[in-house]
Amino acid sequence: MLHDGDADETRVIAGGQTLVPLMAMRLARPKRLIDVARLGEIAFVRREPDAVAIGATTKQHLLEQHPLVATEVPLLAKVMPHVAHAPIRARGTIGGSLANADPAAEIVLVAITLGATLIYRDGPSTREIAADEFFSGAMMTALPSTGLLTCVRFPVWPRARIGVGFHEIGARAGDFAFASAAAQVAVDEGGICRRAALGIGAICGVPLRLDRLGELLEGRSPDEIDEHLIRNEVEAILADKQLFSDLHASAEYRQRAAATLLTRAVIDAFRNAGSIPPPERRRSATPDFAGGRRMGVDSQPQSPPNADLPPSTRQHLPGSEANADDLFLGAGSVVALKINGETRAIHVEARTSLLDCLREQLLLAGAHAGCEHGVCGACTVLLDGRAIRSCLMLAVQADGHAITTIEGIAPAPGELSPVQDAFCETHAMQCGYCTPAMILTAHAFLAGNPAPSRAEIVDAISGNLCRCTGYAQIIEAIALAAERMRGLNRPPTTT
């Protein structure tokens with residue numbers, strides 16, 4: 001399709017967490033989208049002789065605690081929790097982040113810092129390109145318009161004491177950074193640096209790798225880290241760069257912040273290396289995850305999407321057994337949306353967002369439209385149990401998935417879920433505009449963390465903006481719901 005059509009007006013989409021906001025802001029206007037999210041053969045994490053290879057459609061949230069990434073590419077594991085917010089990572093893919101080349105993207109910074117290699121298909125040809133050659137500017141890459149990014153290889157350092165550090169600064173956690181810095185060091189038994197990879201990002205069109213500074217750190221101990229040396233090297237490499245300057249942060253501020261953050265990242269990396277046992281005392285490597293095997297899914301065969309629908313409906317749905325013409329959505333198509341436990345076959349235009357479909361076609365108005373760029377979180381729903389931004393997902397992409405809205409969160413008609421009840425009791429609802437999304441976010445969060453700390457609750461809801469700025473009661477409500485879901489602090493009963 002990339003070669004047969006007008007490639008300049010065709011874009012590949014997987015998670016859509018970068019592309020859809022660009023489309024909403026009219027910064028991208030493709031006439032045709034090719035959705036590759038369900039291509040299982042490019043969703044993998046596997047060990048190769050000297051690298052860890054990650055398929056382009058691998059979801060970002062799967063990399064956060066993946067054992068192979070944690071042991072072999074610790075810098076990537078370090079930055080993943082800093083990539084936007086959990087609902088964005090639930091849909092975002094590693095390939096989407098790299099292909100869209102946002103200069104503030106943490107994954108792009110790691111790829112350049114570690115010297116990753118990107119692999120793409122262009123027709124019948126498979127080609128490789130180094131990360132520092134792949135990224136050519138803000139939102140610009142060397143990927144041809146007919147190319148499809150399929151994989152990225154992160155080099156694995158020889159076994160040693162490896163430590164990593166990462167720092168960034170922005171308006172709030174998860175927002176676009178004003179400046180960021182990453183460091184990975186290898187030290188010997190005496191704590192002396194033998195290798196260092198350093199990078200800074202978010203301050204100009206492309207993140208920068210500081211090779212000369214890395215060489216200067218070799219042979220030094222943690223006590224010999226010189227902040228002035230780091231600051232001078234940052235200033236030198238930025239001397240001929242055009243730095244970003246806007247109402248959020250000036251170029252001068254970004255430069256100072258980058259040097260400070262890099263110093264902290266280097267110090268953290270040395271400390272981290274000192275806390276890691278030598279290779280001979282570390283646990284054995286985790287088994288590889290072979291290509292074609294979906295991350296986070298066991299080896300049991302999975303039911304195909306829409307398997308519960310009658311053949312007369314299923315034959316017209318994306319992902320069914322059909323020819324290529326049947327799968328081309330064009331102006332619209334019938335998709336199966338599993339909404340609150342009920343499968344609904346509905347005709348939608350290919351461009352319709354899941355949010356608009358829920359509100360306007362299914363009349364489920366609990367998902368609210370806010371920024372429509374994935375920033376405010378008012379449109380949050382659950383997709384297969386995970387909180388996602390419905391404004392950043394096309395309705396056709398939700399085909400076959402289980403969607404839960406606020407209308408379906410109660411255990412039975414006339415009842416409230418523990419989270420809803422806690423919100424009422426603590427007066428956490430206020431104006432109510434953010435409330436459905438907050439409650440759904442809390443449900444997804446508590447399902448994976450039934451006994452959270454206050455800091456963990458704050459982090460979990462940080463991607464949802466409250467217009468009334470009444471976060472104190474919301475935090476209290478989620479803490480109360482967590483206790484009651486564990487059988488504690490039950491409300492008094494009356495007879």
Side-chain angles (χ1 to χ4, degrees), residues 2-3 7 10-19 22 34 36-37 39-60 62-63 66 68-69 72-77 79-80 83 89 92-157 180 182 184 197 199-202 204-209 211 288-289 291-292 295:
L2 286 170
H3 276 267
T10 302
R11 294 287 295 270
V12 172
I13 186 173
Q17 305 304 285
T18 300
L19 180 57
L22 291 176
I34 301 175
V36 299
L39 294 184
E41 60 267 36
I42 54 174
F44 58 82
V45 175
R46 64 179 177 229
R47 185 66 159 86
E48 296 185 346
D50 58 354
V52 168
I54 304 177
T57 59
T58 305
K59 293 288 195 298
Q60 294 170 0
L62 295 172
L63 302 175
H66 192 286
L68 191 60
V69 174
E72 305 290 12
V73 197
L75 185 58
L76 180 62
V79 307
M80 289 311 303
V83 177
R89 298 194 296 273
T93 62
I94 188 169
S97 179
L98 294 169
N100 284 286
D102 191 310
E106 294 84 356
I107 298 174
V108 176
L109 172 60
V110 173
I112 289 178
T113 300
L114 295 182
T117 300
L118 290 89
I119 298 91
Y120 66 91
R121 287 284 299 275
D122 190 6
S125 303
T126 298
R127 301 178 180 178
E128 299 184 2
I129 184 172
D132 54 0
E133 298 176 4
F134 181 81
F135 302 103
S136 56
M139 317 299 285
M140 298 172 60
T141 72
L143 184 69
S145 58
T146 55
L148 172 66
L149 185 65
T150 60
C151 176
V152 55
R153 290 195 186 103
F154 291 95
V156 173
W157 286 14
S180 59
Q184 179 166 303
I200 53 178
C204 57
V206 177
L208 304 171
R209 188 172 67 228
D211 289 336
D288 297 348
F289 288 75
M295 294 298 307

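Numbers here simply count residues along the sequence, with the first being 1.
The main-chain N or O of Pro49 is found under 3.5 Å from a side-chain atom of Arg47 such that the two form a donor-acceptor pair. A donor-acceptor pair under 3.5 Å links the side-chain atoms of Thr150 to the main chain of Ile119, judged by distance alone. Checked by atom type and distance alone, the side chain of Thr58 pairs as donor or acceptor with a backbone atom of Phe44 at under 3.5 Å. Remark: side-chain polar atoms of Arg209 are paired, donor with acceptor, to backbone N or O of Ile112 under 3.5 angstrom.
In plain terms, the two heavy atoms of Cys204 and Leu208 that are nearest each other are SG-CD1, 3.9 Å. The heavy-atom pair separating Phe154 from Ala116 by the smallest distance is CD2-CB, 3.9 Å. Closest of all the heavy-atom pairs between Arg89 and Val83 is NH1-O, 2.9 Å. Shortest non-hydrogen contact noted between Thr141 and Ser136 is N-OG, 3.6 Å. In terms of heavy-atom proximity, Ala53 sits nearest to Arg153 at CB-CG, 4.1 Å.
Results of the side-chain contact (heavy atoms from CB on, under 4.5 Å) test with Phe134 over Val152, Leu143, Thr117 single out Leu143 as the only residue that passes.
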Apply the test side chain to side chain contact (heavy atoms under 4.5 Å, CB included) to residues Val12 and Leu149: give CA-CA distance (whole Å), side-chain angles for both, the deciding distance (0.1 Å), then the verdict.
CA-CA 9 Å; Val12 172; Leu149 185 65; over 6 Å; no
After noting the C-alpha distance and the side-chain angles of Gln60 and Ile107, does the key distance pass the side chain to side chain contact (heavy atoms under 4.5 Å, CB included) rule?
CA-CA 10 Å; Gln60 294 170 0; Ile107 298 174; 4.0 Å; yes
